[in-house]
Amino acid sequence: MGPLDGEVILVTGGTGLVGKAVQEIIAQDPPKGETWVFIGSKDADLTSYEETKALFERVKPTQIIHLAAFVGGLFANMKYKVEFWRKNILMQDNIMVLSKEYGVKKLVSCLSTCIFPDKTTYPIDETMIHLGPPHSSNEGYAYAKRLVDVQNRMYNEQYGCNFTSVVPTNIFGKHDNFNLDQGHVVPNLIHKCYIAQRDGTPFTAWGSGKPLRQFIYNLDLARLMIWVLREYKEADPIILSVGEEDEVPISDVVHMIADSMGFMGEIIFDKTKADGQYKKTASNLKLRAYLPDFKFTPMATAIRETTAWFKENYDTARK
Ligand code: NDP
């Protein structure tokens with residue numbers, strides 16, 4: 001690929017859950033005068049400064065949505081703290097220093113609610129990220145991601161760079177990782193329900209089903225991230241989430257999945273398995289102050305679309 005003309009928006013992590021959703025939203029109504037470039041790890045290993053620089057030289061991005069990250073479940077986070085720290089730090093440092101060198105006009109990176117202090121009050125908001133240590137199980141990932149926010153402010157202050165970050169809650173949707181051991185709760189349950197229906201066995205969810213969570217559909221998140229790229233001017237992060245009133249118990253999610261798959265068998269909540277934190281409520285008041293009328297896709301609709309996609313793409317889905 002040679003250098004591109006006009007506005008060039010580079011999306012790192014373009015092959016992932018969020019990246020694919022951004023791709024789908026952009027494809028629905030391709031913006032004029034813009035070229036969107038979606039890349040995965042095969043296009044450039046962003047932990048390597050040389051490969052990242054070669055990518056910038058090839059693409060000459062004018063704006064960036066940086067989604068690429070080294071992510072994983074609890075077990076991996078506990079076992080590979082150094083890798084979670086180092087790979088994420090290297091990626092974000094390379095992206096930032098090169099964004100500054102190449103005069104990138106806007107850089108949006110991605111934090112997560114799981115990097116917030118372990119001991120905190122609820123609801124959490126954007127001002128609380130650094131107010132205490134994260135849970136020790138994911139401290140490598142959490143401290144690396146927290147530094148995105150610190151780096152954004154330093155680049156802004158010293159070089160006037162327009163770098164910012166968003167904080168999504170639990171994301172799900174098409175193109176998720178449906179792995180039964182490593183996947184997040186929604187894709188994990190969808191895969192389990194699929195197997196239960198296929199094999200005529202009970203659909204067993206782990207835990208009591210009582211914990212509450214806020215979920216965001218990847219297509220809604222993609223729309224909001226594109227808005228952040230275009231309209232949001234602060235260096236400080238913004239939580240992208242449904243409201244506190246839309247927190248749902250896991251048991252509701254289980255029933256929505258069963259309904260959407262037409263699963264008529266037995267549903268079991270295995271209470272011998274840990275529930276995890278009862279709730280981790282995040283406030284979306286900052287988002288609502290900017291976008292009071294944004295309509296989130298109803299959870300049941302989003303679940304229906306995701307389960308339909310998983311059934312249709314069972315052979316090729318990440319699992
Ligand atoms: P995925 O796991 O679906 O995708 C990760 C992406 O990162 C892939 O495109 C992968 O490329 C790319 N990547 C990984 N390592 C490298 C590397 N060394 N060089 C270049 N690219 C790399 O992630 P999500 O879409 O779920 O996450 C997007 C962002 O959202 C991340 O920053 C994550 O921390 C954040 N987030 C996610 C949440 C969730 O619930 N999923 C919750 C909150 C925040 P490839 O596939 O080609 O290897």
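Treat the numbers as computed from the prediction; the structure is a model and nothing was measured. Counting starts at 1 for both ligands and their atoms, in listed order. Count residues from 1 along the sequence.
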Within-cut-off N or O pair, [X] and ligand 1, under 3.5 Å:
X      : value
Thr15  : yes
Gly19  : no
Ser112 : no

Which bit of [X] is near ligand 1, meaning a heavy atom under 4.0 Å away: side chain, backbone, both or neither?
X      : value
Ser109 : neither
Lys145 : side chain
Arg318 : side chain
Leu17  : both
His184 : side chain
Tyr141 : side chain
Thr12  : neither

Distance from atom 30 (O) of ligand 1 to nearest protein heavy atom, with residue and atom: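 Going by distance alone, atom 30 (O) of ligand 1 is nearest to Cys110 SG, 3.3 Å.
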
Backbone N/O of Leu229 and side chain of Lys106: donor-acceptor pair under 3.5 Å: yes

Side-chain donor/acceptor of Asn88 to backbone N/O of Phe84, under 3.5 Å: yes

With a 4.0 Å cut-off on heavy atoms, is [X] in contact with ligand 1?
X      : value
Asn218 : no
Thr169 : yes
Met91  : yes

Single-linkage hydrophobic cluster Val253~Phe203, side-chain heavy atoms < 4.5 angstrom: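 Both belong to a single hydrophobic cluster.
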
Trp227-Phe294 aromatic ring centre distance below 6.0 Å: no

Tyr217-Phe172 aromatic ring centre distance below 6.0 Å: yes

Asp125 and Leu285: CA distance, side-chain angles, deciding distance, side chain to side chain contact (heavy atoms under 4.5 Å, CB included) verdict: CA-CA 8 Å; Asp125 68 38; Leu285 289 181; over 6 Å; no

Plane angle bin for Tyr194 and His191 - parallel if under 30°, tilted between 30 and 60°, otherwise perpendicular: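 Plane angle over 60°, so perpendicular.
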
Stepwise side chain to side chain contact (heavy atoms under 4.5 Å, CB included) test for Tyr232 and Thr164: CA-CA 9 Å; Tyr232 180 74; Thr164 193; 3.4 Å; yes

Given [options], which one has a non-hydrogen atom that is nearest to [atom]?
atom                    : options                      : result
atom 4 (O) of ligand 1  : Gly16, Gly173, Ser48         : Gly16
atom 21 (N) of ligand 1 : Ala69, Cys114, Ser41         : Ser41
atom 38 (C) of ligand 1 : Ile95, Ile171, Ile39, Leu240 : Ile171

Exercise: do Asp149 and Ser165 side chains pair donor with acceptor under 3.5 Å: no

Criterion side chain to side chain contact (heavy atoms under 4.5 Å, CB included) on Thr307 and Trp309, from CA distance to verdict: CA-CA 5 Å; Thr307 51; Trp309 182 89; over 6 Å; no

Neighbour count >12 (heavy atoms, 6.0 Å) for atom NZ, Lys210: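 Open: at most 12 neighbouring heavy atoms sit under 6.0 Å from NZ of Lys210.
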
Atoms in ligand 1 with a heavy atom of Ala44 nearer than 4.0 Å: 19 (N), 20 (C)

